[in-house]
Amino acid sequence: ISKDMDNINRPNVKSRKAARHGLQEMDTTTRLSAKSKKEIQHDIERVTCENQSSRMFSKDPAKKTNKKRKTENQEDREKDTCETQSSGKFMPYEMGNDSRPYTKSKNEAAVLNARPSMAVEESIEALERLLKDLDADASTPTAVLRIGETCLRLAQLCVSMDEDADKILMYGQRALAIFGSNQVSVEYATCLETIGCAYHKKGEFEKAVNHLERSAMILEKLSITVKEKELGSLKYAVQALLGQANMELGREEEALLNFQEAIAINERVLEAHDPSLGKSYQKTAEVCIQAQDFHEALMLCMKALPIYTEHYGESSLQVAELRKLLSVIYYELDEFDKVLSEHEIIRPILKKLGKLTEVASLDLAAGEALLCLERYKEAIHKLNDAAKHALSGSCFHGQALVLLSKAYASLKEDKRASDYCKKALDVLKQNAKSSVTGASLVELASVLQSLQKIEQSVSVLEIALQAYQQQPMEQAAAA
């Protein structure tokens with residue numbers, strides 16, 4: 001799934017460990033969209049094709065995630081994929097009872113003749129002007145149908161630009177009312193999916209699930225007569241967004257079924273080495289981690305790795321992020337040597353790309369793995385590097401100090417351990433509203449207890465309780 005979906009904070013230690021290792025948040029606002037009538041603006045179809053592989057999960061839906069330069073054959077293949085995965089075509093304007101010859105308005109001509117490089121914002125503005133023209137002469141069934149098509153296209157583009165949810169809802173509901181005469185149609189299913197996305201953005205997840213499930217039922221009926229490749233992208237979008245909504249509602253088992261169905265759809269309609277398929281493996285693996293199904297997450301990451309390596313290259317950021325996710329899984333499976341092996345591969349990639357903050361995060365995770373292996377001096381070296389590169393006074397800085405106190409306590413260097421406990425507490429108090437502060441404070445209390453500082457340990461636990469109570473998703477941890 002602001003543009004980023006709020007991290008689903010599970011009230012157990014393992015989920016928070018995953019968060020500390022830099023597990024990516026899922027985005028709520030992005031998704032694949034149905035393709036509109038061919039006669040409507042070529043430039044918008046082009047933009048949709050370019051954005052299709054990134055819109056489901058990327059944090060900025062208007063950006064393309066693949067910055068890599070493509071060959072002409074790759075571009076042609078991607079264009080073909082966008083065509084075959086479109087969720088259907090809108091009915092032509094000429095259908096209906098209106099027998100009068102149709103003449104394009106000035107604004108519609110501007111949309112149809114726009115340059116392919118036209119920005120999405122400009123496309124939205126042009127369509128809004130066109131809608132005003134159509135509203136001025138909505139006396140025939142043909143004109144009303146064109147209004148429905150334009151409203152649905154506007155809703156889709158507003159989603160791609162992360163526009164206000166109410167604006168998406170307005171256009172989507174208007175289109176739904178117009179296409180309501182034929183409820184078993186691609187257009188009606190697309191309207192429901194778009195409205196579901198709007199409700200998801202608004203945080204009204206039950207309404208989102210209701211609309212998305214209706215869309216899924218219609219698409220299932222359409223599958224009898226329409227080829228799956230023509231419905232693939234829309235079916236995938238519905239299932240993936242359903243998964244996100246169910247995760248928000250705490251229905252993890254249902255969410256996993258949704259994501260698994262989304263993967264099954266992609267496996268049927270995409271080529272085996274399509275990067276979009278790899279992306280769906282990765283994102284479902286993240287959901288599996290949140291649901292504590294680490295073996296399934298590992299299997300999905302291993303499926304994505306050869307796809308990413310072939311498409312992006314071994315030293316790419318995409319491969320580094322996937323390996324980072326693998327290190328999270330290995331950590332949760334207590335395979336700490338494999339965690340360190342992944343870090344050795346990831347670190348030089350991130351450093352070369354100038355991702356110094358992520359390098360520091362990696363050092364923190366490596367330090368924690370070394371602590372688990374009882375390699376305390378190596379852990380101290382890694383954790384000092386992490387603390388050095390962390391923003392002073394940040395929650396991340398506090399985490400590094402807590403782990404340093406733990407390392408020194410394990411070496412029986414009580415004075416140093418006490419000093420780091422004090423420093424860590426000062427930093428964590430400044431970040432009481434952070435979702436990970438509670439977990440760090442609990443760990444700090446454990447270190448103080450091992451140092452026989454019982455009163456201080458209890459005091460820190462009371463602060464941790466206050467931190468948890470400020471986080472609605474952490475009520476179980478507070479209890």
Rounded to the nearest 0.5 Å, how far apart are [atom1] of [X] and [atom2] of [Y]?
X: Leu317; Y: Lys324; atom1: CG; atom2: NZ; answer: 9.5 Å
X: Cys372; Y: Tyr331; atom1: SG; atom2: OH; answer: 4.0 Å
X: Cys301; Y: Tyr330; atom1: SG; atom2: OH; answer: 9.0 Å
X: Glu261; Y: Leu256; atom1: CD; atom2: CG; answer: 13.5 Å
X: Leu403; Y: Ser440; atom1: CG; atom2: OG; answer: 7.5 Å
X: Leu154; Y: Thr194; atom1: CG; atom2: OG1; answer: 11.5 Å

Any side-chain donor paired with an acceptor under 3.5 Å for [X] and [Y]?
X: Gln282; Y: Tyr308; answer: yes
X: Arg268; Y: Tyr236; answer: no
X: Glu163; Y: Tyr171; answer: no

Less than 4.5 Å apart, any side-chain heavy atom of [X] and any of [Y]?
X: Val186; Y: Ile218; answer: no
X: Lys382; Y: Leu364; answer: no
X: Asp274; Y: Asn266; answer: no
X: Met299; Y: Glu296; answer: yes
X: His273; Y: His311; answer: no
X: Glu267; Y: Tyr281; answer: yes
X: Lys227; Y: Leu231; answer: no
X: Leu127; Y: Arg153; answer: yes

Checklist entry - Does the ring center of Phe205 lie less than 6.0 Å from the ring center of Tyr199? => result no
Please determine if [X] and [Y] form a salt bridge, counting it only when a charged side-chain N lies under 4.0 Å from a carboxylate O.
X: Glu342; Y: Arg347; result: no
X: Glu321; Y: Lys279; result: no
X: Glu286; Y: Lys283; result: yes

Between [X] and [Y], what is the shortest heavy-atom contact and its length?
X: Asp385; Y: His389; result: O-ND1, 2.8 Å
X: Leu270; Y: Leu277; result: CD1-N, 3.8 Å
X: Val159; Y: Cys197; result: CG1-SG, 3.8 Å
X: Ala369; Y: Leu340; result: CB-CD2, 4.1 Å
X: Ala379; Y: Gly367; result: CB-O, 3.6 Å
X: His200; Y: Ala208; result: N-CB, 3.8 Å

Item to check | Trace of the side chain to side chain contact (heavy atoms under 4.5 Å, CB included) decision for Cys288 with Phe294 | outcome: CA-CA 6 Å; Cys288 289; Phe294 302 113; over 6 Å; no
Answer yes or no: is there a donor N or O on one side and an acceptor on the other, between the side chain of [X] and the main chain of [Y], under 3.5 Å?
X: Ser341; Y: Asp337; result: yes
X: Tyr468; Y: Ala439; result: yes
X: Ser223; Y: Leu219; result: yes

Next on the checklist: Before you tell me yes or no, could you show the steps for Asp363 and Leu383 under side chain to side chain contact (heavy atoms under 4.5 Å, CB included), namely the whole-Å CA-CA distance, both residues' side-chain angles and the distance that decides it to 0.1 Å?
Outcome noted: CA-CA 6 Å; Asp363 287 340; Leu383 292 168; over 6 Å; no
Please check if the number of heavy atoms outside [X] that lie under 6.0 Å from its [atom1] is greater than 12.
X: Glu128; atom1: CD; result: yes
X: Met217; atom1: CE; result: no
X: Lys355; atom1: NZ; result: no

Checklist entry - Checking salt bridge (Lys or Arg N to Asp or Glu O under 4.0 Å) for the pair Asp164/Lys201: CA distance, chi angles, key distance, verdict? => result CA-CA 8 Å; Asp164 181 71; Lys201 281 174 64 65; over 6 Å; no
Item to check | Intermediate values then yes/no, salt bridge (Lys or Arg N to Asp or Glu O under 4.0 Å), Glu206 and Arg251 | outcome: CA-CA 11 Å; Glu206 286 287 4; Arg251 302 168 185 166; 2.5 Å; yes
Checklist entry - Could you walk me through whether Leu298 and Met302 pass the side chain to side chain contact (heavy atoms under 4.5 Å, CB included) check? => result CA-CA 6 Å; Leu298 178 60; Met302 296 308 290; 4.2 Å; yes
Item to check | Check against side chain to side chain contact (heavy atoms under 4.5 Å, CB included), Leu333 and His295 | outcome: CA-CA 8 Å; Leu333 294 174; His295 291 286; 3.8 Å; yes
